[in-house]
Visitor: 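I'd like to ask you about the structure that follows.
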Amino acid sequence: MPLLINGERIDPGRPTGDMIRAYPHLEEKAKLLRSQPARTVEPKGLLYVQQREFAVTTPEDGSGATCLTHCDGSDTEAEVSLIMSSVKSFSDTTGYGRLEVHLVGGFNDDRQLSQKLTNQLLRAFDLQPDDVHLVTFCVTELNDREERDIHFPIIYGIAVNVKTAEIFPATFPEKGPDEDLRSAHVLTGATLTNIYDTKREQLHIGPYFWSPFPHVDFWLEQDDQQILQNLSTSPLAEPPHFVSHIRSTLTFLKDHPFPSCSLFPDRKPRIYKKNEEGLWEQVCSDKI
């Protein structure tokens with residue numbers, strides 16, 4: 001079934017500029033979203049989703065399921081199918097309602113990678129067997145600012161309040177648990193991974209396995225500029241913490257060349273559950 005805007009099927013192959021002109025309310029909504037200052041989201045009650053991860057959860061009142069994911073174009077069609085099936089798996093408990101998609105991110109990068117990913121996402125949602133309603137479209141040119149002939153994203157991160165369905169720009173002082181482990185999984189070629197067991201309200205990390213990262217010592221010896229230029233798809237637009245984040249991930253990969261030995265000898269995930277203070281706390285497998 002088709003991808004819809006205001007109940008009308010769209011042509012996912014048409015230029016996004018044409019689509020924006022045809023549905024000006026999308027641009028107005030994008031302006032409203034990007035005009036909001038980014039809010040700082042503290043760890044209490046937070047489920048942080050990294051690149052190539054997704055999580056599906058439901059509000060306590062059972063009014064609907066929400067999935068948050070960070071796609072990067074690695075296998076968009078398969079990723080969208082996985083996301084859709086995961087959301088629909090909650091239809092028995094939350095009631096089957098309208099499937100809505102909110103696309104936020106990217107900018108007018110020099111290599112047009114954001115535009116390519118946007119087009120891939122539109123096509124992938126249009127191929128789904130269910131009607132999918134495009135509600136928010138704050139991507140590429142609608143999430144772009146220019147400064148001294150250099151383009152930057154306006155919104156770098158978003159959050160969703162699953163109880164109210166509010167979407168807003170956000171920053172996250174803490175991105176755990178297991179931030180370096182999860183980043184290492186991505187850097188070594190991970191596919192999109194579900195990190196959350198909604199029924200048990202548990203975060204499941206791993207088990208992840210990889211081969212020793214090639215030339216890790218060489219990369220750790222490079223200066224910040226070399227890391228930025230060679231390990232980023234958009235070096236001029238990265239946030240300030242990008243290089244330190246990559247260094248930390250590379251150090252983790254150096255320390256754990258064989259995760260089957262040092263991290264997951266029992267082949268079981270690292271499991272976390274919120275404590276009474278709303279913070280993640282690791283639990284033992286035999287307590288699940």
Side-chain angles (χ1 to χ4, degrees), residues 3-6 10 12 14-42 46-55 66-73 76 79-80 83 99-125 132-175 232-242 245:
L3 181 64
L4 306 170
I5 300 177
N6 286 352
I10 68 168
R14 73 191 295 191
T16 53
D18 289 353
M19 191 169 72
I20 294 164
R21 284 187 289 274
Y23 301 98
H25 74 280
L26 290 177
E27 184 170 9
E28 290 304 312
K29 187 165 186 177
K31 284 181 180 178
L32 186 62
L33 181 64
R34 69 183 187 235
S35 69
Q36 300 177 39
R39 302 183 214 170
T40 300
V41 180
E42 299 297 340
L46 171 66
L47 170 56
Y48 183 82
V49 177
Q50 284 203 28
Q51 187 174 354
R52 294 192 199 169
E53 293 181 342
F54 76 95
T66 297
C67 175
L68 183 68
T69 186
H70 180 174
C71 296
D72 62 3
T76 305
E79 291 170 352
V80 168
I83 292 162
L99 293 166
E100 299 181 344
V101 61
H102 303 261
L103 299 180
V104 182
F107 66 111
N108 280 338
D109 61 282
D110 292 340
R111 297 166 62 187
Q112 292 294 292
L113 297 175
S114 295
Q115 186 67 62
K116 180 181 177 183
L117 176 55
T118 295
N119 293 338
Q120 288 176 353
L121 286 166
L122 292 174
R123 285 194 297 269
F125 278 109
V132 182
H133 298 263
L134 180 60
V135 178
T136 304
F137 194 65
C138 188
V139 296
T140 52
E141 61 261 52
L142 293 180
N143 189 46
D144 185 84
R145 67 179 180 88
E146 191 173 348
E147 184 179 324
R148 297 178 183 175
D149 296 325
I150 300 173
H151 291 264
F152 299 87
I154 298 171
I155 297 175
Y156 278 90
I158 60 165
V160 182
N161 183 326
V162 295
K163 293 183 179 180
T164 66
E166 180 190 11
I167 299 171
F168 54 92
T171 59
F172 308 91
E174 293 189 26
K175 302 176 178 64
S232 167
T233 55
S234 303
L236 298 176
E238 293 292 359
H241 64 268
F242 175 81
H245 167 72

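Any value given below was found using the heavy atoms of this structure, including those in side chains, with hydrogens, waters and symmetry copies removed.
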Visitor: Report yes if some heavy atom in the side chain of E79 is under 4.5 Å from a heavy atom in the side chain of T69; otherwise report no.
Guide: no
Visitor: Just by distance, do the side chain of N108 and the backbone of D144 share a donor-acceptor pair under 3.5 Å?
Guide: no
Visitor: Check salt bridge (charged side-chain N to carboxylate O under 4.0 Å, His left out) between R123 and all other residues, then give those that pass, not counting sequence neighbours.
Guide: none
Visitor: Please round to the nearest 0.5 Å and tell me the distance separating atom OG1 of T66 and atom NZ of K163.
Guide: 12.5 Å
Visitor: Are the side chains of N6 and H25 in touch, meaning some heavy atoms are under 4.5 Å apart?
Guide: yes
Visitor: How about I158 and H102: do any of their side-chain heavy atoms sit closer than 4.5 Å?
Guide: no
Visitor: To the closest 0.5 Å, what do you measure between CG (L142) and CD (E27)?
Guide: 5.5 Å
Visitor: Taking ring-ring contact (aromatic ring centres under 6.0 Å, His included) as the definition, give me every residue that meets it alongside F168, ordered by chain and number, with sequence neighbours left out.
Guide: none
Visitor: Could you check if a side-chain atom of K116 sits within less than 4.5 angstrom of a side-chain atom of N119, using non-hydrogen atoms only?
Guide: no
Visitor: Of the non-hydrogen atoms in T40 and P173, which two are nearest, and what is the gap between them?
Guide: CG2-CG, 3.5 Å
Visitor: Applying salt bridge (charged side-chain N to carboxylate O under 4.0 Å, His left out) as the test, list every pair that has at least one member in residues 29-42; sequence neighbours left out.
Guide: E28-K31, R39-E166
Visitor: Other residues, nucleotides and ligands only: do more than 12 of their heavy atoms fall within 6.0 Å of CG on D110?
Guide: no
Visitor: Can you name the ring-ring contact (aromatic ring centres under 6.0 Å, His included) partners of Y48, sequence neighbours left out?
Guide: F172
Visitor: Applying the side-chain contact (heavy atoms from CB on, under 4.5 Å) criterion to F137, which one of T118, L33, I5 satisfies it?
Guide: T118
Visitor: Do you know the tightest heavy-atom contact between G106 and P153?
Guide: O-CB, 4.1 Å
Visitor: Report the residues that fulfil salt bridge (charged side-chain N to carboxylate O under 4.0 Å, His left out) with R14, sequence neighbours left out, ordered by chain and then residue number.
Guide: none
Visitor: Evaluate whether atom NZ of K175 has more than 12 neighbouring non-hydrogen atoms of other residues, nucleotides or ligands under 6.0 angstrom away.
Guide: yes
Visitor: Quick check against the 3.5 Å criterion: does E53 have a side-chain atom that pairs as donor or acceptor with the backbone of Q50?
Guide: yes
Visitor: Which pairs with one or both residues in residues 147-156 pass salt bridge (charged side-chain N to carboxylate O under 4.0 Å, His left out), sequence neighbours excluded?
Guide: R145-E147
Visitor: Of the non-hydrogen atoms in F107 and N143, which two are nearest, and what is the gap between them?
Guide: CB-O, 3.8 Å
Visitor: What are the two closest non-hydrogen atoms of F152 and L236, and how far apart are they?
Guide: CE2-O, 3.0 Å
Visitor: The test is side-chain contact (heavy atoms from CB on, under 4.5 Å); show your working for V101 and L121 and say whether it passes.
Guide: CA-CA 10 Å; V101 61; L121 286 166; over 6 Å; no
